[in-house]
Structure formats: C-alpha cells, structure tokens
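If you scroll down you'll find the structure; I have some questions about it.
A, B, ... follow the sequence lines: proteins, then strands. Residue 1 opens every chain. Because the structure is predicted, anything quoted here is derived from the model rather than measured.
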There are 2 protein chains.
Amino acid sequence: MGRRSDHSRTELFELILAEGHRQMAEVGFSRFSAREVAKKIGYSIGTLYNVFGSLDRLLAAINTRTFGLWARHLEARLEGEQGDRIAALVDGYFSFARDNPHLWMAIYDHRLPPGMVLTDDEHDRRSVLTEIVAREVAAALPEPARAEAPRLARSLVATVHGHCTFALNGAFELMGEAAPQDLALARVRESLAAADQAVVATALKKV
Amino acid sequence: MGRRSDHSRTELFELILAEGHRQMAEVGFSRFSAREVAKKIGYSIGTLYNVFGSLDRLLAAINTRTFGLWARHLEARLEGEQGDRIAALVDGYFSFARDNPHLWMAIYDHRLPPGMVLTDDEHDRRSVLTEIVAREVAAALPEPARAEAPRLARSLVATVHGHCTFALNGAFELMGEAAPQDLALARVRESLAAADQAVVATALKKV
DNA sequence: TTAAAATAATGGACGCTGTTCATTTTATTG
DNA sequence: CAATAAAATGAACAGCGTCCATTATTTTAA
C-alpha cells in the first residue's frame, strides 16, 4: 500500500475539511470554491475529489461541523445559567448565527442532491442541537405536558429559526423591526405559557 | 432611433422576465442559467445584459414577480372566507410554497450583492404580502391591541416562515414531524390568544 | 535486490457559468 | 440616399465542478 504524502488519508480529510470550513466562514456559500480550498492546502483539485468524492459531500461535512460548533455554543451559553434557561437558549441560537453568519446560512443554502443521504454518523451529530432544545423545553414544561416536549421543541426551533433568518437576511430591517430576538423570545414564552395553561385547564376539568 | 427586433424594450423585458420566471420554477435557483433563458427566447446572452444590466437584477425581478403571485394567492385563499381567516392565511402561505417550491425558495436563496438596492417599485410590490398579514392580524386582535398588530404580524410571518422552511427542506421530516402546518397554526393561535389575554389583564387591572 | 502491484496525487480536458464590450446589423432621421 | 443612433450580437475571458488517464511513489512479493 503505497502512499506519497506527508498526510494520511485521515489527516488529509481533516486538512481539507478545516480549510473548507475556514473558507466557508470567510466567503460564504455562494463564493465557496473547492479549487480554492485545494490551492490553499497545497494539493490539487483531484485530491479533493479522491478524498471526498464530490463537492456535495464536502459541503455536507462542513455543515455537519458547523452544527457541532453550534451545539457546543449552546451548551456553553446554558452552562451555569440558573435563571432563565429559555432566554439563554434563544440567545445562544441567535448569537451563533450573528457571530458566524456565513457558516450558519450555509447550513440552509446547501441542499443535498436527490438521492444523496447523510451518513448515520453525520445525522447523529446534527441532531444534537435539536436534542438540547428538546431537553430544555421538557424541563420548562410542567410534568403532565412533558410528553409533548419533542414536538413542541421542533416547533419552537422552527419559530426561532424563522426570526433568525429574517434578522440575518435583512427582512426584519426592511420591515422596520429593530429587535428580532425579543420577538422570537416573546413567541417562545407564549407557547410555553400556553402549554402551562392547557395543563391547568385539564386539571380543573377533572375536578 | 433604430431597432432591429420584433420586440420593444418593454416587451423584451417582459419576455426575459417571463421565461426567467418559468425556468426558475422548473429548475430552481442553483440550476438557473441566464444563458439558458436567452437561448429559450431566441436572443443572445448580450441582450439579456443590455436589458437587465446584471444577473442579480434579473433574479430580483423574478423574485418580485413571485412575491406578487404569492400575494394574489393569499388574497384568493382569503376571499369569501368567513370563518377562520387566520387558518386560511397560514394555509395560503404554506400552499403557495408547496405548489411552487423552487420559486418560493429562490426568494430566500438569492441575496442582493452589497451595495445593490431594490427600486422603490420593487420594494412596494414585495411589501404587499406583509401588509395582507398585518391587516388580518389587526382584524383578529381586540381593538385595544391593534396598535401592536404590525409588529406582531412581522413576528408571526417569521414564525410561519420558519415552519414552512423546515417543511420544504426536509428538516421536519428528518425530525419525524408529520404535520408542520398544524404546528405553525398552533403557534400563531397561541400568540393571538396571548394578545387577547393581555388585553383582558390590562382591563381587569383598571377595575 | 529487483520486479510487480497497489495506492496517492496530479492536472489537463470538458462543458458549463457570468460578464464585458468591440463589432455588426438594422431602423430612423435629415 | 447617406448619416446617425439604437439594438443585438457573440467571441473572449476567467472562473467553476467534474472526470479520469497518467505519473509518482511506496509497499509487497519473488
């Protein structure tokens, strides 16, 4: 088994991924170039394809990495937060997107070509984020409503995502909205309060 | 003033825009090609640039047109709806996106290059959609809360947008969610109910 | 030690993209 | 019937993703 380079296959994978991630953060999805990545790490474009197979697989790997950073960012933001963990969650969501706009947008800019699927490993690593939210939503809910937590969590992620999208793409600014994150948090609180209310109402009916 | 073609400048503008819109609907943002548009209408690529100046301006015009269709779709969906106009609104939002996924996604896929701004006319035509929502939200709110209608409307659009995005890009499916539109409607209802509650609470305090 | 096999890396070729602009074609005007 | 002004062209350029025959290198087997 011959090899020529200073880098093992695994090292090369990491080298490309790291540089790709760096460039995605810098220039964004629409200006991302696999050739440029190859140039920067001193390998030919062919090597990139030997290692990743296709541009789509490299992009998917870059986005999976972003998901990982995002999840860690959330956990860090939550750590030690004794008071308002829901507000911390929303803030963690927004602040990551604000601090890494290109990386964050690339997650939604890249769409897998028909037929291509993520590996189980990638899928698992991406779902951590949702799991964090589901955990916190469950904790914020009264015991009898906990069964609904995963579904409500999905919905609240979508809610915050919508607000975050409009905040970053300028839509809110165009509409004259100055505090998108406050709006998002207000919506989330309302939904959690509604879940509370529903539990109270059910309890009263039983009496 | 010499001219060579069968089409006036205005006709040509419309011809390109119509074919561009048709192709966007067919192949989507990532596979859209100005050259292909030119070929289809039997003009050279140069003519396209003479008329629109840049690809970005053509894309902006295509998306503005989509906004118009979307607003008309909403109004049609609302017309004659006596009962649940909020549900009709959410359904109109979702159904347009479902029926025209490429056109709908292109609105958010295309980002104006730094420095480029929409014309006032384009801006006006795009804002009709939000105005419809603001109108309906105002109508659904009790009189004392109407002042908050525009801001709440923006927020509810973002909420529904987030759910619609995840519905179309497969994120909800991946999370095991089968009824995204129901989730969106539930969130919207909760926010409207919360606004109701707030009014009642304020009234009670006064007594 | 040397030849064969296996792997790694290359980069030219292909067909596509957006963009520019000197050139050509045409219609209108004087 | 020129002269002029506008319209339309398409070659040229630089870039892109993708493919894959070729080359370089290392390992293995004889």
Side-chain angles (χ1 to χ4, degrees), chain A residues 1-17 19-21 23-24 26-63 102 106 109-116, chain B residues 1-17 19-21 23-24 26-63 102 106 109-116:
Chain A
M1 295 160 191
R3 79 167 53 99
R4 168 139 80 112
S5 144
D6 307 329
H7 306 99
S8 72
R9 216 60 178 174
T10 315
E11 287 171 334
L12 205 42
F13 187 95
E14 174 55 29
L15 196 63
I16 296 168
L17 182 49
E19 175 59 25
H21 200 261
Q23 283 205 30
M24 184 63 81
E26 186 178 327
V27 306
F29 184 81
S30 70
R31 301 200 196 291
F32 184 88
S33 157
R35 283 183 132 99
E36 191 61 28
V37 171
K39 192 183 290 181
K40 275 276 165 57
I41 63 170
Y43 276 86
S44 75
I45 177 65
T47 295
L48 241 149
Y49 275 80
N50 288 343
V51 173
F52 276 90
S54 74
L55 177 66
D56 283 302
R57 272 204 256 277
L58 172 56
L59 292 173
I62 288 172
N63 284 341
H102 284 151
D109 287 339
H110 181 227
R111 291 199 263 283
L112 296 182
M116 173 175 165
Chain B
M1 296 160 189
R3 78 166 55 98
R4 167 137 83 110
S5 143
D6 306 330
H7 306 99
S8 72
R9 214 62 177 174
T10 315
E11 287 171 334
L12 205 42
F13 186 96
E14 173 55 29
L15 196 64
I16 296 169
L17 181 50
E19 176 59 25
H21 200 260
Q23 283 204 30
M24 184 62 82
E26 188 179 323
V27 306
F29 184 82
S30 70
R31 298 199 196 292
F32 184 88
S33 156
R35 283 186 133 98
E36 191 60 29
V37 171
K39 193 183 289 181
K40 275 276 165 57
I41 62 171
Y43 276 86
S44 75
I45 178 64
T47 296
L48 241 150
Y49 275 80
N50 289 342
V51 173
F52 275 89
S54 75
L55 176 66
D56 283 302
R57 272 205 257 277
L58 171 57
L59 293 173
I62 288 172
N63 284 342
H102 283 152
D109 287 339
H110 181 228
R111 290 199 264 282
L112 295 183
M116 174 176 164

#### Entry: Length of the line joining B:His7:NE2 and D:dA8:P, which is rounded to integer Å
10 Å
### Message
Taking atom types as they are modelled, would you say the side chain of A:Asn50 forms a donor-acceptor pair with the base of C:dA9 within the 3.5 Å cutoff?
### Response
yes
### Message
In this structure, how many angstroms lie between the P atom of C:dG18 and the CD atom of B:Glu36, rounded?
### Response
10 Å
### Task
Check whether any side-chain N or O of B:Glu26 sits under 3.5 Å from a backbone N or O of B:Gln23 as a donor-acceptor pair, and report yes or no.
no
### Message
Just the rounded figure in Å: distance from C1' of D:dA8 to CZ of B:Phe13.
### Response
18 Å
### Message
Between P on C:dG18 and CE on B:Met116, what's the gap in Å once rounded to a whole number?
### Response
15 Å
#### Entry: Separation of D:dC19 P from A:Leu48 CG (nearest whole Å)
13 Å
### Task
Under the side chain to side chain contact (heavy atoms under 4.5 Å, CB included) rule, what do A:Phe32 and A:Val37 come out as? Steps first, then yes or no, please.
CA-CA 9 Å; A:Phe32 184 88; A:Val37 171; 3.7 Å; yes
### Nucleotide nearest B:Tyr49 (side chain, heavy atoms from C-beta), chosen from D:dG17, C:dT10, C:dT20
C:dT20
### Residue closer to the 5' end of DNA chain C, A:Arg35 versus A:Thr47 (nearest nucleotide)
A:Thr47
### Query
Side chains of A:Thr47 and A:His7: does their closest heavy-atom pair fall under 4.5 Å?
no
### Message
Could you tell me how far apart A:Ile16 (CD1) and C:dA8 (C1') are, to the nearest whole angstrom?
### Response
12 Å
### Backbone of B:Ala106 reached by a side-chain donor or acceptor of B:Asn63 within 3.5 Å
yes
#### Entry: Most 5' of B:Gly53 and A:Ser44 on DNA chain C, judged by nearest nucleotide
A:Ser44
#### Entry: Atom-to-atom span, CD1 of B:Ile45 to C1' of C:dT23 - whole angstrom
18 Å
### Query
How long is the line joining CG of B:Leu58 and P of C:dG18, in whole Å?
10 Å
#### Entry: Pairwise side-chain contact, B:His110 with B:Leu112, heavy-atom cut-off 4.5 Å (strictly under)
yes
### Message
Any base atoms under 4.0 Å from B:Ser33, or only sugar-phosphate, or nothing? Heavy atoms, all strands.
### Response
sugar-phosphate
### Task
Answer yes or no: does a side-chain N or O of A:Arg31 lie under 4.0 Å from OP1 or OP2 of C:dG18?
no
